[in-house]
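In what follows, a single structure is set out as structure tokens and then discussed.
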Amino acid sequence: MTVYQAPRGTSDILPEEQAYRLYIEQKAADIARLYGYKRIDTPVFEDTELFLRGVGEATDIVQKEVYTFEDRGGNKLTLRPEGTAPVCRAYLEHGMQNLSQPVKLFYIEANYRYERPQAGRYREFRQFGYEAIGDSDPALDAEVIDMAWRFFVSMGINNLHLIINSIGCPNCRPQYLEKLKAYYTQGSQTLCNDCKTRLEKNPLRLLDCKNETCRLLASTAPRSYEHLCPECAEHYVNLKKFLSVLGLPYEVDHCLVRGLDYYTRTVFEIQPEIEGAQSTIGGGGRYDGLIEELGGKPTPALGFATGIERIAANLKRQNLPVPGLPGAVVLVAYLGEAAREAAVKLCGELRKSGCAALQASGGKSLKAQLRQANSAGVRYTVIIGDDEIKAGTVQLREMTTSEQKNVTPQELKEILLGK
RNA sequence: GUGGGUAUAGUGCAGCGGUCUAACACGCCAGGUUGUGGCCCUGGAAAACGAGGGUUCAAAUCCCUCUACCCACCCCA
């Protein structure tokens with residue numbers, strides 16, 4: 001029995017799991033490059049204030065899910081629960097408003113949220129995201145959505161749905177919310193208890209309650225995209241136009257709202273076809289007010305983020321293979337003390353010239369050493385014994401064919417390094 | 001914060017009151033070839049049955065408490 005275990009909601013990423021992670025991160029970076037997004041890394045922790053202002057004080061994330069602590073200098077810090085606010089902070093801190101706009105960034109990072117873990121939900125989880133800051137062009141919205149979609153398509157994940165909606169801006173949303181409240185107040189006796197509090201606290205959230213009767217109410221509720229101001233309406237029409245131009249199979253869902261306060265206008269989600277929880281694999285939207293909220297001048301922006309663990313889960317569910325990680329190409333086996341020295345030396349030389357070499361672990365029979373070679377999956381095994389030392393050669397065995405020949409050190413290097 | 005489920009070797013599991021000195025599979029180690037892997041055969045190491053308490057002549061098996069993990073709600077990636 002182990003004494004210690006990884007803290008709740010966290011897990012070790014074991015070697016066999018790394019192939020998934022690396023594959024996903026590599027693809028994320030490939031797509032970023034394809035669209036001209038440059039990588040940024042921000043600190044794991046930030047001033048607590050950044051998330052209060054950025055994510056929204058009223059959100060669940062900030063209210064009950066944040067890991068907050070004070071350091072020895074008395075600074076109030078918070079483990080980053082999401083990626084957008086820190087990127088915007090960096091944008092402002094480094095004067096990126098002086099770069100040519102929009103500034104296109106992407107990140108791959110761990111996030112921390114204190115929640116009850118369950119399938120696809122962890123306290124430490126990894127996401128990657130794309131952010132485009134400094135441009136309100138709906139074509140840019142379409143571009144970010146296109147990136148997200150292309151990523152999933154290139155991963156081979158199928159049966160995905162792209163859901164979009166527009167939730168307006170500070171000009172038109174208040175009026176819409178009034179209408180929504182009025183509508184729900186009429187039907188409030190059939191609302192579930194959660195929704196009764198939502199009605200006061202966060203009426204937009206009424207729309208995505210999973211309760212059956214609430215859903216029924218939501219289906220005929222006033223629709224945000226029918227209550228947009230002229231600017232937002234035009235933006236939304238153009239967004240749909242560009243999505244069509246790009247050939248993206250979007251579905252409009254007036255019930256799609258997102259949990260972070262900063263979203264304006266475009267919101268979107270990508271959902272796999274599974275029943276039950278954690279239906280969202282990725283999502284994002286526009287956050288035209290966030291930079292200003294953080295102390296910059298009014299700056300339109302939008303982004304997309306997705307969870308690496310959830311992507312991996314989908315890959316596994318579909319039995320999609322990921323490319324394996326390359327291992328060592330040769331194992332050096334030896335028999336006897338004199339050969340041991342030669343083996344150590346040879347391994348050193350091979351590695352120095354860039355050939356991934358494994359040294360057989362000591363004191364074992366040749367049989368055991370070959371077993372080791374087999375399980376390591378090396379292509380070749382070099383065998384050194386007294387006979388070889390005397391002759392100044394080594395045995396080179398090719399594992400798949402079991403062909404074995406005596407070669408000189410020179411020939412060995414040509415085979416392992418040449419070609 | 002609320003509800004449900006599960007806890008037995010490294011992993012996956014069997015066992016459902018005495019026959020448990022806890023089985024099986026994979027994995028690990030070794031032997032079958034005094035210098036040759038993968039298949040096969042043989043053997044071995046590895047579990048005080050999550051922790052504590054109780055019932056009983058007898059508990060891995062029944063009861064209670066705790067803890068951990070999983071799943072769901074909330075919310076989200």
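Please read these numbers as outputs of a predicted model, since none were measured by experiment. Just so it is clear: chains get the letters A, B, ... in the order the sequence lines come, proteins before strands, and each one is counted from 1.
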Using the [atom1] atom on both, measure [N] against [M] and round to a whole Å.
{"N": "A59(B)", "M": "G52(B)", "atom1": "C1'", "answer": "15 Å"}
{"N": "C16(B)", "M": "U33(B)", "atom1": "P", "answer": "42 Å"}
{"N": "C62(B)", "M": "U55(B)", "atom1": "C1'", "answer": "8 Å"}
{"N": "C13(B)", "M": "G17(B)", "atom1": "P", "answer": "22 Å"}
{"N": "C39(B)", "M": "G35(B)", "atom1": "P", "answer": "23 Å"}
{"N": "G1(B)", "M": "A60(B)", "atom1": "C1'", "answer": "34 Å"}
{"N": "A47(B)", "M": "G15(B)", "atom1": "C1'", "answer": "14 Å"}
{"N": "G53(B)", "M": "C70(B)", "atom1": "P", "answer": "28 Å"}

hbond_proxy [X] side chain to [N] base (donor-acceptor, 3.5 Å cutoff):
{"X": "Q404(A)", "N": "U36(B)", "value": "yes"}
{"X": "E115(A)", "N": "A77(B)", "value": "yes"}
{"X": "E388(A)", "N": "G35(B)", "value": "yes"}

Hey, could you give me each pair passing salt bridge (charged side-chain N to carboxylate O under 4.0 Å, His left out) that has a residue in [range]? Not counting sequence neighbours.
{"range": "residues 247-266 of chain A", "value": "R258(A)-E269(A)"}
{"range": "residues 10-31 of chain A", "value": "E17(A)-K316(A), R21(A)-E25(A)"}
{"range": "residues 341-366 of chain A", "value": "E349(A)-K413(A)"}
{"range": "residues 140-160 of chain A", "value": "K104(A)-E143(A), D141(A)-R286(A), D146(A)-R150(A)"}

Whole angstroms only, please: what is the [atom1]-[atom2] distance between [X] and [N]?
{"X": "Q63(A)", "N": "G1(B)", "atom1": "CD", "atom2": "C1'", "value": "13 Å"}
{"X": "D12(A)", "N": "G10(B)", "atom1": "CG", "atom2": "P", "value": "16 Å"}
{"X": "R116(A)", "N": "A77(B)", "atom1": "CZ", "atom2": "C1'", "value": "19 Å"}
{"X": "F152(A)", "N": "A77(B)", "atom1": "CZ", "atom2": "P", "value": "12 Å"}
{"X": "Y130(A)", "N": "A77(B)", "atom1": "OH", "atom2": "P", "value": "16 Å"}
{"X": "R379(A)", "N": "G38(B)", "atom1": "CZ", "atom2": "P", "value": "21 Å"}
{"X": "Q372(A)", "N": "G38(B)", "atom1": "CD", "atom2": "P", "value": "14 Å"}
{"X": "L370(A)", "N": "U36(B)", "atom1": "CG", "atom2": "C1'", "value": "5 Å"}

Produce the list of close N/O pairs, under 3.5 Å, pairing protein atoms with atoms of nucleotides 30-32 of chain B; give distances to one decimal.
unit_1: A30(B); atom_1: OP2; unit_2: R371(A); atom_2: NH2; d: 3.3
unit_1: G32(B); atom_1: N7; unit_2: K367(A); atom_2: NZ; d: 3.2

### Query
Does the ring centre of Y37(A) sit less than 6.0 Å away from the ring centre of F106(A)?
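That pair fails the under 6.0 Å test.
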### Task
State yes or no: are the ring centers of F151(A) and F128(A) separated by less than 6.0 Å?
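Under 6.0 Å, so yes.
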OP1 or OP2 of [N] under 4.0 Å from side-chain N/O of [X]:
{"X": "R8(A)", "N": "C69(B)", "answer": "yes"}
{"X": "Q118(A)", "N": "C70(B)", "answer": "no"}
{"X": "R258(A)", "N": "A77(B)", "answer": "yes"}

### Task
Indicate syn or anti for A48(B), taking the glycosidic torsion and treating anything within 90° of 0 as syn.
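Base orientation relative to the sugar is syn.
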#### Entry: Minimum heavy-atom distance V267(A)-I167(A), with the two atoms named
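Looking at all heavy atoms of both residues, the closest pair is CG1-CD1, 3.8 Å.
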Students often get this wrong, so: under 4.0 angstrom with heavy atoms, is [X] touching a base, only sugar-phosphate, or nothing?
{"X": "I308(A)", "value": "nothing"}
{"X": "N111(A)", "value": "nothing"}
{"X": "Q395(A)", "value": "base"}
{"X": "R126(A)", "value": "nothing"}
{"X": "E16(A)", "value": "nothing"}
{"X": "R123(A)", "value": "nothing"}
{"X": "T400(A)", "value": "base"}

#### Entry: Qualifying ring pair (Phe, Tyr, Trp, His ring centres under 6.0 Å) pairs with a residue from residues 208-228 of chain A, counting only residues at least two apart or across chains
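Output for this query lists Y176(A)-H227(A), Y225(A)-Y236(A).
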#### Entry: Spacing of K181(A) atom NZ and L206(A) atom CG [to the nearest 0.5 Å]
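It comes to 10.0 Å.
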### Query
Relative to the 5' end of RNA chain B, which residue comes earlier, S375(A) or D387(A), by the nucleotide with the nearest heavy atom?
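The residue closer to the strand's 5' end, by nearest nucleotide, is S375(A).
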#### Entry: 5' precedence on RNA chain B between E269(A) and P117(A) (nearest-nucleotide basis)
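This one resolves to P117(A).
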### Query
Which of these nucleotides, A77(B), A72(B), C75(B), is closest to any side-chain atom of A119(A)?
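My answer, after comparing the listed nucleotides, is A72(B).
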### Message
Applying side-chain hydrogen bond (donor to acceptor under 3.5 Å, both in side chains) as the test, list every pair that has at least one member in residues 320-340 of chain A; sequence neighbours left out.
### Response
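Qualifying pairs: E337(A)-R340(A).
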### Message
Expected output check: what is the dot-bracket annotation of RNA chain B, where ( ) and [ ] are pairs inside the strand (brackets for crossing ones), | is paired with another strand, and pairs are Watson-Crick or G-U under 3.5 Å?
### Response
((((((((.[[[..)..(.....]]].(((((.......))))).....[[[[[..)....]]]]])))))))....
Sequence neighbours excluded and cut-off under 3.5 Å, please list the side-chain donor-acceptor pairs for residues 56-70 of chain A, or say none.
unit_1: T59(A); atom_1: OG1; unit_2: G56(A); atom_2: O; d: 2.7
unit_1: T59(A); atom_1: OG1; unit_2: V62(A); atom_2: N; d: 3.4
unit_1: T68(A); atom_1: OG1; unit_2: T78(A); atom_2: OG1; d: 2.9

### Task
Under the side chain to side chain contact (heavy atoms under 4.5 Å, CB included) rule, what do L105(A) and M96(A) come out as? Steps first, then yes or no, please.
CA-CA 11 Å; L105(A) 300 168; M96(A) 294 191 215; 4.2 Å; yes
